[in-house]
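We name chains A, B, ... by the order of the sequence lines, and we start the count at 1 in each one.
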Amino acid sequence: MIHQFDTVIVGSGGSGLYAALEASQRSRTAVVSKLYPIRSHTGAAQGGISAALGNTEEDKPEWHAFDTVKGGDYLVDQGAANILAEEAVQAVYDLENRGLPFNRTPEGRIDQRRFGGHTRNFGEAPVRRACYAADRTGHMILQTLYQQCIKNDVAFFDEFQVVDLAMNGDSCQGVVAVELATGEVHIFAAKAVLFATGGFGRMFKVTSNAYANTGDGPAVCARRGIPLEDMEFFQFHPTGIMGLGILITEAVRGEGGILRNRDGERFMERYSPTLLDLAPRDIVARSMLTEVRAGKGIRGDRKIDDYLHLDATHLGKEVLLAKLPDITSFCNTYLGIDPAETPIPVLPTAHYAMGGIPTDVYGRVVRDGQDTVVPGLYAAGECACVSVHGANRLGTNSLLDLVVFGRRAGQHIGDYVKQADAPQLSEAAADPAREWMARLTEGTSEHHGGHISDEMQTVMMEKVGIYRNAADMQTAVDAMQQLRERYRAVRIQDTGKQFNTDLLELIELGNLLDLSLITAASAANRTESRGAHSREDFPERDDDQWLKHTLAYLEGDTVRIDYKPVDTSIWEPKPRTY
Amino acid sequence: MKINLKIQRFNPETDTEPRFQEYSVEIDPNARLLDALMQVKRFQDGSLGFRKSCAHGVCGSDAMRINGKDGLACKTLVKDLATGDGDTITVEPLRYLPVQRDLIVDQSDFFRKYRLIKPYLINDDPVEAGERIQSQEERMVFDDTTNCILCASCYSACPVLGENTAFLGPAAISQAYRFLADTRDQGFAERQPALDDPDGVWPCQNHFKCTKACPRSILITKRINQVKRMLDKAREAESE
Ligand SMILES: Cc1cc2nc3c(=O)[nH]c(=O)nc-3n(C[C@H](O)[C@H](O)[C@H](O)COP(=O)(O)OP(=O)(O)OC[C@H]3O[C@@H](n4cnc5c(N)ncnc54)[C@H](O)[C@@H]3O)c2cc1C
Ligand code: SF4
Ligand code: FES
């Protein structure tokens with residue numbers, strides 16, 4: 001079946017819904033999402049959204065932009081960071097005006113709290129910049145935006161999974177999707193397509209990410225010749241629940257929580273004397289692993305899965321219940337402990353993709369180091385790389401990224417579709433997707449995807465994790481190439497058409513394998529340490545060689561690397577100390 | 001621990017009636033029921049259908065009937081359902097919503113009713129600058145209701161819906177309260193028709209089953225009663 005729209009938005013998390021609200025006012029817009037909108041992983045975001053409102057103490061967008069650049073270890077495009085920080089203030093007010101129930105100050109204004117790497121006056125001391133709704137800020141953003149979409153009658157295609165792009169030469173003409181309920185293939189012809197498909201933490205064994213976070217948008221783009229930017233930079237969040245990876249928000253530390261080793265020592269004093277537990281995530285995660293390797297983990301056995309304690313016992317029951325109720329409930333449900341009484345066992349968990357589909361500040365996808373635009377194709381949110389996060393994202397900057405750049409993309413699309421011609425697509429546009437699915441469906445099953453997925457996640461976790469070296473990363477590249485080979489022989493077990501989740505999950509696995517290969521290859525290529533990319537064999541940042549973005553092109557079984565300059569027009573790169 | 005999962009299956013392409021199928025799964029007692037289901041799906045039977053996403057109780061995907069009680073598979077631990085080897089856990093789809101496949105139900109009706117109560121802030125007054133002012137006390141009045149993840153556990157738990165499928169249902173009403181009790185909202189009149197209807201709030205008989213089922217600890221029954229009182233008050237004011 002062929003649908004014709006001006007605008008198709010793929011994904012209904014914070015970025016997709018914000019873009020939809022803008023685009024649907026000025027063009028015929030469809031939101032196509034593999035999940036019901038309110039099931040999107042934006043709903044899992046806990047701690048807050050940053051904006052220099054200055055509601056509880058002095059703050060300025062300029063400080064916010066600087067923190068973002070420094071937090072990203074100077075791989076951030078500085079003009080984009082400025083836009084992010086400047087537009088943050090109105091973006092948060094807009095969310096409030098649209099109904100978002102933020103926590104309030106005694107004066108009835110939006111309350112703000114501390115978060116890692118956010119400082120006053122260019123690094124002096126932590127600043128209260130994170131606006132929050134208890135520890136379910138993302139949930140409230142997602143709900144508020146979905147509610148606004150209901151109010152504005154946005155058209156949704158729920159549980160439609162996009163599997164391919166329709167391209168005409170270099171320009172985008174639409175997408176191909178499978179409808180979960182029927183198994184039918186649908187073609188959405190559109191003048192503009194926006195990918196807002198979220199993260200891909202599921203390539204790692206231990207992650208805070210949902211099952212649905214399989215990087216479908218970036219993988220589809222990569223297979224269509226579009227490069228992926230800075231894929232070597234994947235954030236490990238310091239505090240995941242031991243074993244499960246479920247996130248314990250940084251807001252616990254923002255409210256005063258402390259990381260301790262087996263001696264009860266506040267070890268961050270040694271690693272980050274100024275910001276302590278509120279240093280940026282890459283630094284805290286590395287410090288934790290260093291403690292574990294030194295036998296200072298709680299068990300003390302130096303094993304990779306040894307853990308540390310996040311101590312919130314001194315915060316008191318009342319603060320925990322008023323400001324961190326969900327965290328309290330997670331600890332209770334999954335660990336059987338009360339964080340008011342017992343420290344939380346934590347270790348880093350794969351959390352956030354700094355890299356993704358390269359875009360400019362209007363959300364337009366670019367295909368090379370010269371910023372050549374792919375006509376009709378946009379990306380926003382975690383799947384995109386603007387880049388405002390550089391080599392390491394600061395907490396609360398992603399939710400902000402969604403609303404600022406989701407909105408900018410939606411607005412740009414509104415203008416673009418006015419002058420663009422409607423593409424004509426035939427059923428042939430879905431042929432490549434049909435062939436792929438036929439291969440997964442036909443013949444008898446040699447083996448199922450479960451083991452391949454397990455192996456991919458284990459290798460990525462062990463070889464392309466927090467600390468990296470050449471040999472490990474090469475092992476990962478080789479392993480991904482072999483797993484992709486084995487994947488070609490996988491067949492689904494479900495022979496039905498309706499609600500064939502088996503088929504859709506295998507397609508997702510194919511996406512994760514492609515992205516794992518690109519991530520491992522990009523990481524192996526960068527012979528320096530910067531932000532989240534930390535090499536034992538190249539421990540220093542090397543601005544002479546490496547102050548540039550990676551662009552990785554998937555070419556068959558190999559990855560070709562090219563580069564793109566970084567915008568350093570405002571602040572000169574400096575050593576990064578906290 | 002080795003458990004038995006007894007799962008209701010239904011494939012619309014081959015079955016006329018739902019049936020049960022059993023799987024034996026080796027699982028850590030501290031694991032989630034969702035982990036056990038995933039183990040079946042990934043290593044035993046790829047055709048098993050269920051929804052899931054966040055895996056920690058915040059997205060509302062995997063509500064189902066677990067040993068006869070409605071809840072989230074990812075927020076229910078195996079050890080709370082089975083005590084020893086060979087114990088059986090029975091898993092069925094939610095009630096009152098048509099089964100589409102296995103544990104997947106058609107949520108259209110649930111979301112249609114949610115939309116009926118106009119679940120968005122209604123206030124057309126222009127905001128001069130910045131944020132609307134609201135005290136933390138005012139904000140806390142409806143705090144619990146903002147927890148709702150629209151999982152439909154309460155819907156399936158409600159005995160009233162068993163007799164009257166037209167009933168608006170617990171989630172929609174508590175979401176109406178979320179806005180009616182928000183000092184920034186002015187939408188009472190717009191929501192009144194859907195709520196003050198024979199199938200609106202009135203069929204609720206205070207069974208409290210929804211409140212017990214809610215994985216997000218929302219005081220649903222209390223909120224329904226508060227909406228009833230708001231409607232009563234409005235009627236009184238009208239007749240005065
Ligand atoms: C546990 C957790 C806590 C976090 N806390 C914070 C925080 O406090 N502050 C902060 O700033 N950031 C936080 N983050 C990061 C932030 O929440 C995410 O980066 C952000 O929400 C991603 O939003 P998104 O709109 O890009 O994608 P998502 O919300 O993940 O949405 C992706 C959408 O794409 C759809 N989709 C995916 N693939 C397809 C396909 N093939 N076809 C159709 N549709 C598809 C999905 O259905 C979904 O609707 C947190 C992240 C996690 C995991
Ligand atoms: S009120 Fe509770 S049980 Fe009902 S839909 Fe919302 S979260 Fe689920
Ligand atoms: S999978 Fe999200 S609530 Fe269970």
Any chance you could measure [X], atom [atom1], to [Y], atom [atom2], to the nearest 0.5 Å?
X      : Y      : atom1 : atom2 : value
B/S135 : A/R109 : OG    : CZ    : 14.5 Å
A/T495 : B/N11  : OG1   : CG    : 7.5 Å
B/S53  : A/N213 : OG    : CG    : 6.5 Å
A/H139 : B/C148 : NE2   : SG    : 7.0 Å

Under a 4.5 Å heavy-atom cut-off, does chain A meet the side chain of [X], its backbone, both or neither?
X      : result
B/L150 : both
B/M140 : neither
B/R184 : side chain
B/T146 : both
B/D143 : both
B/K41  : both
B/L48  : backbone

Check whether [X] reaches the backbone of [Y] with its side chain - one donor and one acceptor, N or O, closer than 3.5 Å.
X      : Y      : value
B/R139 : A/R104 : no
A/E96  : B/G130 : no
A/Q498 : B/E13  : no
A/Q147 : B/Y120 : no

Quick test of your reading of the model: are A/E505 and B/R42 salt-bridged, counting only N-O distances below 4.0 Å? no
Would you mind checking if B/R51 and A/E159 are paired as a salt bridge, meaning a charged N to carboxylate O distance below 4.0 Å? yes
What is the minimum heavy-atom distance between B/R101 and A/D494, and which atoms define it? NH2-OD2, 2.8 Å
So what's closer than 4.5 Å to chain B heavy atoms on [X]: side chain, backbone, both or neither?
X      : result
A/D158 : neither
A/R39  : both
A/L35  : side chain
A/L100 : backbone

Test side chain to side chain donor-acceptor pair (under 3.5 Å) applied to B/N147 and A/R136, step by step: CA-CA 8 Å; B/N147 265 318; A/R136 51 178 188 283; 3.3 Å; yes
If you tally heavy-atom pairs under 4.5 Å against chain A, which of B/A129, B/G49, B/S61 wins? B/S61
Parallel under 30°, tilted from 30 to 60°, perpendicular over 60°: which one fits the rings of B/F111 and A/Y146? perpendicular
Would you check if the distance from the ring center of A/F330 to the ring center of B/H56 is below 6.0 Å? yes
Any residue of residues 69-80 of chain B which, by heavy atoms, sits under 4.5 Å from chain A: B/C74, B/K75, B/L77
